[in-house]
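Everything on this sheet refers to the single structure shown next.
Every value quoted in this text rests on a predicted model; they were computed, and no experiment measured them. Hydrogens, waters and symmetry mates are skipped; everything else that's a heavy atom, side chains included, is used. Note on naming: letters A, B, ... go to the chains in the order of the sequence lines (proteins, then strands), and numbering restarts at 1 for each one.
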There are 2 protein chains.
Amino acid sequence: MSIEPCVFIVDDEEPVRSALTLLMDSVGLKSESFPSAQEYLDQFDASKPGCLILDVRMPGLSGLDLQARLGAEKIHPPIIIITGHGDVPMAVRAVTAGAIDFIEKPFNNQSMLDNVHRAIEQDAKQRGETSRLQDIEKRYDDLTPREKEVLQCVIEGKRNKIIASEMNISQSTVEAHRSKVMEKMVANTLSDLMRMALLLKLIS
Amino acid sequence: MSIEPCVFIVDDEEPVRSALTLLMDSVGLKSESFPSAQEYLDQFDASKPGCLILDVRMPGLSGLDLQARLGAEKIHPPIIIITGHGDVPMAVRAVTAGAIDFIEKPFNNQSMLDNVHRAIEQDAKQRGETSRLQDIEKRYDDLTPREKEVLQCVIEGKRNKIIASEMNISQSTVEAHRSKVMEKMVANTLSDLMRMALLLKLIS
DNA sequence: AGAAAAATTAGAATATGTGATAATTTATAT
DNA sequence: ATATAAATTATCACATATTCTAATTTTTCT
């Protein structure tokens with residue numbers, strides 16, 4: 001049972017905020033409005049699922065600044081940019097930086113909703129992947145240095161005998177580490193381990 | 001030893017073509033010019049490495065049409081779009097469809113060259129990956145149906161005994177198929193096989 | 001129909017990996 | 001300094017996988 005997704009609206013113009021709020025209400029989507037990027041950041045909580053609608057031109061941080069700020073923190077919620085006076089380079093920059101869409105006001109309600117729905121789906125998908133990955137990362141972090149070394153060799157397809165000679169330890173030790181690795185990573189088979197190693201990007 | 005990359009310039013205006021040609025010449029980059037998308041398509045050869053510079057507004061197929069056409073054929077050379085009269089939705093569409101950049105004329109020579117160099121690098125990288133993948137696909141295609149079934153089970157981590165019972169065949173048969181698979185795929189170890197299976201997207 | 005490829009099975013020798021149990025030696029941190 | 005964790009080793013029994021050789025049956029294609 002996951003939390004209901006929310007549309008975070010950041011725009012300094014009150015009429016735009018209330019129009020968007022009403023639009024989201026009309027399809028039963030939860031939303032929250034902020035008159036500035038800073039106020040959004042002040043309450044920011046990475047655990048809240050949903051997407052962002054950002055105005056470009058605002059006092060203080062612009063929407064693009066906010067997008068860049070989040071990106072720098074490796075936070076990538078789906079973002080829809082809206083603007084009164086957009087230009088091409090600005091649009092290219094936003095989309096290249098990962099924005100779902102870059103829309104000029106006045107926008108079409110239906111296409112905005114389409115974007116929002118797509119954004120929310122994307123966020124849900126990302127969150128699922130991220131949380132699975134974090135589980136695996138936690139297990140990996142729990143490995144001792146030696147165990148990590150052995151894991152690396154195992155996923156490279158090296159036999160225990162080879163690993164032993166490369167690490168200058170006995171085969172027994174390798175077996176011990178290896179079995180600890182399987183246990184700690186909660187892998188039943190080698191292919192389970194390989195799949196996790198992939199997610200952890202341990203594989204060339 | 002790979003073929004020298006080429007910048008394919010598609011623009012109906014002769015002055016633009018010659019300006020770009022000169023620009024490429026000035027940094028020793030090979031280029032070829034075409035006055036229309038159709039003429040580019042007529043000589044198109046997927047084996048030629050490089051990138052594309054496409055004008056949006058042209059008689060016949062537009063640059064965006066050509067981009068879409070190539071995309072529909074799963075051909076994804078790096079594309080730089082240039083335009084005299086671009087608008088925001090057009091730029092968003094191009095970049096969303098994978099264009100490296102969308103630039104309004106008159107463009108800055110240096111930033112064009114930066115884009116081209118980035119594009120050529122990206123193409124080289126893609127080609128490397130694609131050719132490795134194609135090698136592996138060829139091997140996979142060479143597997144018999146039964147061998148493919150066994151491969152699928154193996155990468156799911158199933159033991160020979162289990163595979164045998166699921167396929168209603170003897171363990172010996174599974175072993176025979178399995179060893180053929182390793183041979184045909186040119187895999188020395190299970191992890192080699194897993195890595196290939198990943199590229200082939202045989203893994204969930 | 002006849003040849004070729006694919007699928008099937010078996011047996012035996014060998015190599016590898018797994019699991020359980022136990023014990024010793026380093027490190028490391030409180 | 002002394003628990004605690006990490007790293008090390010060994011051994012035995014058992015399960016699995018690999019390699020080789022050889023043969024039979026079934027499909028498939030010409």
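Donor-acceptor pairing under 3.5 Å is recorded for the side chains of A:E156 and A:Q152. Side-chain polar atoms of A:S18 and A:T21 form no donor-acceptor pair below 3.5 angstrom. Using modelled atom types and a 3.5 Å distance limit, the side chains of B:Q126 and B:Q122 yield a donor-acceptor pair. Side chains of A:S62 and A:D65: a donor-acceptor N/O pair is present below 3.5 angstrom, by distance only.
Comparing the start and finish of the helix from C:dA1-D:dT30 to C:dT30-D:dA1, five pairs each, the helix axis swings through 60°, to the nearest 10 degrees.
If you take CG of A:N188 and P of D:dT16, they are 14 Å apart, rounded to a whole angstrom. Between A:L190 atom CG and D:dT16 atom P there is a gap of 15 Å when expressed in whole angstrom units. Between the C1' atom of C:dA20 and the NZ atom of A:K180 lies a distance of 13 Å, rounded to the nearest Å. Counting to the nearest Å, the P atom of D:dA17 and the CE atom of B:M182 are 12 Å from each other. Between the NZ atom of B:K184 and the P atom of C:dA5 there is a distance of 11 Å, rounded to whole Å.
In this structure, B:D192 pairs ionically with B:R195, as a charged nitrogen and a carboxylate oxygen lie closer than 4.0 Å. Salt-bridge check for B:E149 with B:R146: passed, with a basic side-chain N closer than 4.0 Å to an acidic carboxylate O. Ion pairing of B:D123 with B:R127 is present here, as a side-chain N (NZ or NE/NH1/NH2) and a carboxylate O approach within less than 4.0 Å. Remark: A:R178 does not engage A:E175 in a salt bridge, criterion side-chain N to carboxylate O under 4.0 Å. Salt-bridge annotation for B:D141 and B:K138: absent, with no side-chain N of the basic residue lying under 4.0 Å from a carboxylate O of the acidic one.
Residues of residues 144-165 of chain A that place a heavy atom closer than 4.0 Å to DNA chain C, in numerical order, are A:R159, A:N160, A:K161. Only B:I169, B:S170, B:S172, B:T173, B:A176, B:H177, listed by number, bring a heavy atom of residues 167-178 of chain B to less than 4.0 angstrom from any atom of DNA chain C.
Counting heavy-atom neighbours within 6.0 Å of B:K125 NZ, excluding the residue itself, gives a total of 12 or less. Other residues, nucleotides and ligands contribute over 12 non-hydrogen atoms within 6.0 Å of the CD atom of A:E166.
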